[in-house]
Amino acid sequence: MVIGMGYVGIPIAALFADVAGFQVVGIQRRSQRSGWKIAWLNAGRNPVGGDEPGLSELIARVVKNGTFRVTDDYAACHDADVILIDVQTPTDAAGTPHYESLIAVSNQVGRYLKPGTLVVIESTVAPGTTTRIVKPLLEDASGFVAGRDFYLAFSYERVMVGRLIKNIVHLPRIVGGVDEESARRGVELYSHIVQEKIYPTDSLTAETAKVVENAYRDVNIAFANEVALICESLGVDAFAVRELVNTLPNDPLHPASNPVRNMHFPGAGVGGHCLPKDSWLLKYGVDTFGTFTVDPQVILSSRALNRWMPLHIVELLDEGLRDAGRNLASSKVAILGVAFLENSDDTRNTPSQDLYAHLQERGAQPVLHDPYVRDFELPFTADITEAVDGADAVALVTLHRAYRELSLESLKRLMRTPVLVDGRNAFDKATCEAAGFIYKGVGKPR
């Protein structure tokens with residue numbers, strides 16, 4: 001049983017139905033936004049947009065073979081030997097996690113839980129959540145005791161849109177049990193589909209590792225963004241600096257004294273389900289369940305800088321339009337990219353949403369464009385001509401393949417004012433200026 005048919009639940013369910021040959025039932029809520037997935041998946045269709053290698057074929061195969069189906073009825077949990085929970089655990093503006101879905105699902109699972117079942121939380125949660133929140137809910141609803149009557153573990157995913165199947169199968173897996181037997185059973189379960197090493201541990205350590213893993217990446221991106229701002233001020237190209245920094249090789253004989261450099265890419269902002277919230281989940285866990293107060297200044301300052309980057313795009317737009325003799329207020333700005341990740345339809349916490357709001361606040365007329373996205377809470381278009389026609393500026397936020405292939409000449413003919421703000425280092429500054437554009441870019445000399 002896999003609860004939650006999203007970017008994690010769908011591929012993990014299909015892999016267990018295919019590689020392991022299990023009979024897998026997916027549960028999806030019939031919400032207005034996502035209920036349509038039930039019919040699609042039961043018809044063998046892939047609801048995940050963008051480039052997702054192998055997923056469409058995998059879903060079609062397991063549905064045809066009769067090893068995978070989807071329902072909204074939690075009563076199906078009564079027959080499950082294993083239940084995976086893959087629901088969203090968002091945070092609000094203050095960084096507080098919203099566990100409504102996790103709590104509701106835990107109560108439902110507890111109602112139908114049978115003895116001996118293994119329950120695995122795959123949703124990212126604050127450290128301490130499995131034992132302090134989920135475990136009591138399951139025990140109260142079922143009347144069973146975790147570790148004796150049923151088994152409970154936390155095992156986090158490392159998926160990335162565009163590499164869903166590859167990452168599940170070919171990356172190491174961490175399984176944290178509430179006791180040793182729960183961890184052992186979790187390792188045995190994932191060994192059916194994971195081809196890399198599986199590391200057993202306790203649930204608290206696994207939960208902490210997950211959010212630290214993503215906070216680490218967020219901090220590294222913030223470092224790159226701060227360097228980009230420094231380079232803009234100094235008049236040097238941050239991407240050339242990055243390339244030189246990353247030439248430092250690692251000495252395998254002395255890795256601690258000369259560790260390899262891996263400066264990340266700066267850009268228009270950080271999106272996705274994990275990075276914008278996992279630093280807050282880490283803080284929430286230590287604030288709620290820690291034994292003394294810790295102020296994670298580096299982690300939260302990095303999060304603030306990455307959240308601010310769409311405002312920097314507004315600064316660059318304002319500067320470019322002033323260079324062209326126009327004001328940002330009343331200017332039409334085409335925002336290229338609604339999805340947060342290139343060649344995908346994933347809009348979760350996309351920086352384009354903040355950019356859109358900031359531009360509206362400044363009196364501009366933003367228009368969103370994306371070739372992959374099906375549904376979004378703000379108006380957008382899939383027609384690039386509609387988005388760019390008469391625009392005073394274009395802001396590239398997401399590096400979709402289609403944007404790499406744009407003709408600068410065609411773009412300029414459509415626009416009223418040829419201002420191009422490059423948030424992903426997609427275009428060459430000299431080439432753009434030779435084509436008649438006023439070019440501004442994150443990390444580029446100003």
Side-chain angles (χ1 to χ4, degrees), residues 6-7 10-11 33-34 36-37 40 45-57 59 159-166 265 267-273 309-310 313 317 332-357 359 364-416 418-428 431-432 435 437 441-442:
Y7 293 98
I10 291 172
R33 185 166 184 177
S34 301
W36 57 275
K37 293 180 183 179
W40 272 53
R45 300 176 67 186
N46 177 16
V48 177
D51 296 339
E52 203 54 66
L55 186 58
S56 295
E57 297 84 353
I59 293 169
V159 300
M160 173 67 76
V161 176
R163 301 192 297 271
L164 296 178
I165 294 173
K166 180 179 179 180
F265 286 100
V270 176
H273 184 55
M309 287 306 291
I313 298 297
L317 285 164
K332 178 182 176 179
V333 178
I335 301 172
L336 301 188
V338 177
F340 87 92
L341 187 67
E342 60 194 63
N343 306 320
S344 83
D345 67 344
D346 193 345
T347 62
R348 292 175 296 178
N349 296 309
T350 173
S352 292
Q353 186 165 11
D354 285 342
L355 175 57
Y356 186 95
L359 287 172
Q365 300 168 4
V367 177
L368 289 164
H369 173 270
D370 198 287
Y372 294 108
V373 171
R374 294 190 182 97
D375 179 55
F376 191 54
E377 55 197 83
L378 295 174
F380 72 97
T381 178
D383 184 341
I384 187 69
T385 300
E386 179 185 347
V388 174
D389 189 30
D392 298 297
V394 166
L396 178 72
V397 176
T398 313
L399 194 51
H400 288 317
R401 185 179 299 107
Y403 301 149
R404 288 182 180 273
E405 298 168 354
L406 281 174
S407 161
L408 291 175
E409 291 74 17
S410 299
L411 198 64
K412 186 172 181 288
R413 281 197 301 270
L414 286 168
M415 296 176 68
R416 179 167 58 184
V419 174
L420 176 58
V421 172
D422 187 354
R424 298 296 175 189
N425 194 36
F427 300 101
D428 177 70
T431 302
C432 290
F437 282 90
V442 173

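Looking at Val161 and Glu52, their side chains come closer than 4.5 Å, going by heavy atoms from C-beta outward. The shortest side-chain heavy-atom distance between Leu317 and Leu359 falls under the 4.5 Å cut-off. For the pair Leu55 and Pro11, the minimum side-chain heavy-atom distance is below 4.5 Å. Contact check for Leu336 versus Leu406: side-chain heavy atoms found under the 4.5 Å cut-off. In this structure, the side chains of Tyr356 and Pro310 stay at 4.5 Å or more apart for every pair of heavy atoms. Counting heavy atoms from C-beta outward, Arg348 and Tyr7 have side chains that approach closer than 4.5 Å. With contacts defined as side-chain heavy-atom distances shorter than 4.5 Å, the pair Met160/Leu341 qualifies. Taking the side chain as every heavy atom from C-beta outward, Val394 and Phe437 never approach each other to under 4.5 Å.
The 12-atom threshold is exceeded at CZ of Arg374, counting heavy atoms of other residues, nucleotides or ligands nearer than 6.0 Å.
A distance of 7.0 Å separates CG of Leu408 from CG of Leu420, quoted to the nearest 0.5 Å. Residue Asp370 holds its CG atom at 10.5 Å from OG1 of Thr381, rounded to the nearest 0.5 Å. With values rounded to the nearest 0.5 angstrom, Leu355 atom CG is found 7.0 Å from Ile313 atom CD1. The line from CG of Asn349 to NE2 of His273 is 8.0 Å long, rounded to the nearest 0.5 Å.
With sequence neighbours excluded, the residues forming a side chain to side chain donor-acceptor pair (under 3.5 Å) with Asn46 are Ser56, listed by chain and number. Considering only residues two or more places apart in sequence or on other chains, Asp392 meets the side chain to side chain donor-acceptor pair (under 3.5 Å) condition with Arg326, Arg416, Thr417. Every residue meeting the side-chain contact (heavy atoms from CB on, under 4.5 Å) condition with Asn343, not counting sequence neighbours, appears here in chain and number order: Asp51, Tyr372, His400, Arg401. With sequence neighbours left out, the side chain to side chain donor-acceptor pair (under 3.5 Å) criterion links Asp428 to Thr431. Remark: Phe265 pairs with Phe239, Arg242 by the side-chain contact (heavy atoms from CB on, under 4.5 Å) rule, at least two apart or across chains. With sequence neighbours excluded, the residues forming a side chain to side chain donor-acceptor pair (under 3.5 Å) with Ser407 are Glu409, Ser410, listed by chain and number.
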- Query: So Gln353 and Phe376, side-chain contact (heavy atoms from CB on, under 4.5 Å) or not? Walk me through it.
  - Reply: CA-CA 10 Å; Gln353 186 165 11; Phe376 191 54; 3.9 Å; yes
- Item | Worked verdict on Met415 versus Val388 for side-chain contact (heavy atoms from CB on, under 4.5 Å) | CA-CA 6 Å; Met415 296 176 68; Val388 174; 3.5 Å; yes
- Under the side-chain contact (heavy atoms from CB on, under 4.5 Å) criterion, do Val367 and Glu386 qualify, and how do the steps go? CA-CA 9 Å; Val367 177; Glu386 179 185 347; 5.8 Å; no
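Although no hydrogens or angles enter the test, the distance criterion places a donor-acceptor pair under 3.5 Å between the side chain of Thr350 and the main chain of Val338.
Minimum heavy-atom separation, Gly271 to Phe340: C-CD1, 3.4 Å. Taking both residues in full, the closest heavy atoms of Met309 and Val442 are given as CE-CG1, 4.0 Å, listed atom of the first, atom of the second, then distance. Looking at every heavy atom in both residues, Pro53 comes nearest to Gly162 through CD-O, 3.3 Å. Residues Asp422 and Asn425 approach most closely at OD1-N, 3.0 Å, considering heavy atoms. Taking each heavy atom of Leu399 and Ala426 in turn, the nearest pair found is CD1-CB, 3.3 Å. Residue Ser352 comes nearest to Leu368 through the heavy atom pair CB-CD2, 4.1 Å, listed as atom of the first residue, atom of the second, then distance.
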